[in-house]
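Side chains are part of it too, since the values below use all heavy atoms of this structure and drop only hydrogens, waters and symmetry mates.
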Amino acid sequence: MLLTFEKLGAWRWGLGLICGLVALFLLLPILFIAALSFGSSRWLIFPPPGWTLDWYRELFADPRWTEAALTSAKIGVVVTLLSVAIGLLASLALVRGRFSGREVLRAFFLTPMVLPVVVLAVALYAVFLRIGLGGTFTGFVIAHLVVALPFSIISIAGALEEFDPSIEDAAILCGASPWEARLRVTFPAISHGLFSAAIFSFLISWDEVVLAIFMASPTLQTLPVKIWATMRQDLSPVIAAASTLLVATTILLMLLAALLRKGKKS
């Protein structure tokens with residue numbers, strides 16, 4: 001008999017308390033940053049002496065901040081499209097393919113998840129300097145794609161493994177071509193995996209700072225790099241406002257993914 005949360009008895013309260021304390025520990029820094037972004041002081045003082053929206057107005061009025069945010073969004077969209085497309089093809093090969101070395105190839109694709117990101121950043125930086133991609137939009141996309149692709153493969157491959165291929169075979173027997181069966185039957189059935197891959201790919205690119213620091217140039221910076229560079233010069237609440245928007249975008253996308261996944265299950 002499986003032990004469920006309802007069968008824990010009095011231990012449920014202790015487990016709930018521990019989970020609540022851990023969640024509070026993780027969320028408090030984010031809540032502090034959000035509160036500082038509305039503070040009236042020109043310095044990062046907590047608790048704020050008053051409340052204002054001036055820092056958000058200053059943030060959106062500064063073209064350097066808006067340009068950095070747009071750069072992050074553009075890179076994130078391109079990385080998302082490429083990550084989902086390549087992840088879909090790789091997942092089809094890893095799940096449906098029958099060839100020697102398949103598990104080795106799967107492990108190779110997932111290597112960026114276990115490799116320290118600073119090691120990966122140094123390696124990519126050295127290579128990109130030699131081929132002229134350092135500080136370029138293409139270099140940013142390739143670097144972010146390397147760390148986003150494993151999450152796409154995990155999401156899409158997991159959805160493919162849950163899908164019964166006999167349904168696709170039935171569509172082929174009814175007259176559809178193999179790719180037509182995939183487009184009309186398989187891909188809609190694994191849409192939740194495709195959407196999860198897209199969300200994770202965008203968020204990884206949107207929040208990535210270590211790789212972005214190595215890839216950045218004076219004329220091309222993402223929002224996390226702009227926040228990092230500004231913190232080294234000044235501790236203005238504008239940094240807190242930018243960080244709050246960065247986190248808020250991440251939370252909204254994660255909530256959207258959770259709602260769609262819940263709707264898919266129901």
Do the non-hydrogen side-chain atoms of [X] and [Y] ever get within less than 4.5 Å of each other?
X: Thr230; Y: Trp65; result: yes
X: Phe38; Y: Tyr56; result: yes
X: Leu211; Y: Glu208; result: yes
X: Phe202; Y: Ile199; result: no
X: Val95; Y: Ile156; result: no
X: Val78; Y: Phe140; result: no

**Message:** Trp55 vs Ser37, test: side chain to side chain contact (heavy atoms under 4.5 Å, CB included). Steps then yes/no.
**Reply:** CA-CA 7 Å; Trp55 313 121; Ser37 69; 5.9 Å; no

**Prompt:** In terms of side-chain geometry, is the basic nitrogen of Glu67 or Arg64 positioned less than 4.0 Å from the acidic oxygen of its partner?
**Reply:** no

**Request:** Count the heavy atoms of every other residue, nucleotide or ligand shown that sit under 6.0 Å from CZ of Phe108, and state whether that count exceeds 12.
**Result:** no

**Asked** Using a distance-only test with no angle check, is there a side-chain donor-acceptor pair under 3.5 angstrom linking Ser152 and Ser201?
**Response**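 Note: Ser152 and Ser201 side chains meet the donor-acceptor criterion.
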
**Prompt:** Glu58: what forms a salt bridge (charged side-chain N to carboxylate O under 4.0 Å, His left out) with it, not counting sequence neighbours?
**Reply:** none

**Prompt:** Between Leu220 and Gly135, which heavy-atom pair has the shortest distance, and what is it?
**Reply:**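 Minimum heavy-atom contact is CD2-O, 3.7 Å.
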
Atom pairs and distances, side-chain donor-acceptor, residues 244-258, under 3.5 Å, sequence neighbours left out:
{"residue": "Thr244", "atom": "OG1", "partner": "Ala240", "partner atom": "O", "Å": "2.7"}
{"residue": "Thr249", "atom": "OG1", "partner": "Leu245", "partner atom": "O", "Å": "2.9"}
{"residue": "Thr250", "atom": "OG1", "partner": "Asp207", "partner atom": "OD1", "Å": "3.3"}
{"residue": "Thr250", "atom": "OG1", "partner": "Asp207", "partner atom": "OD2", "Å": "3.2"}
{"residue": "Thr250", "atom": "OG1", "partner": "Leu246", "partner atom": "O", "Å": "3.0"}

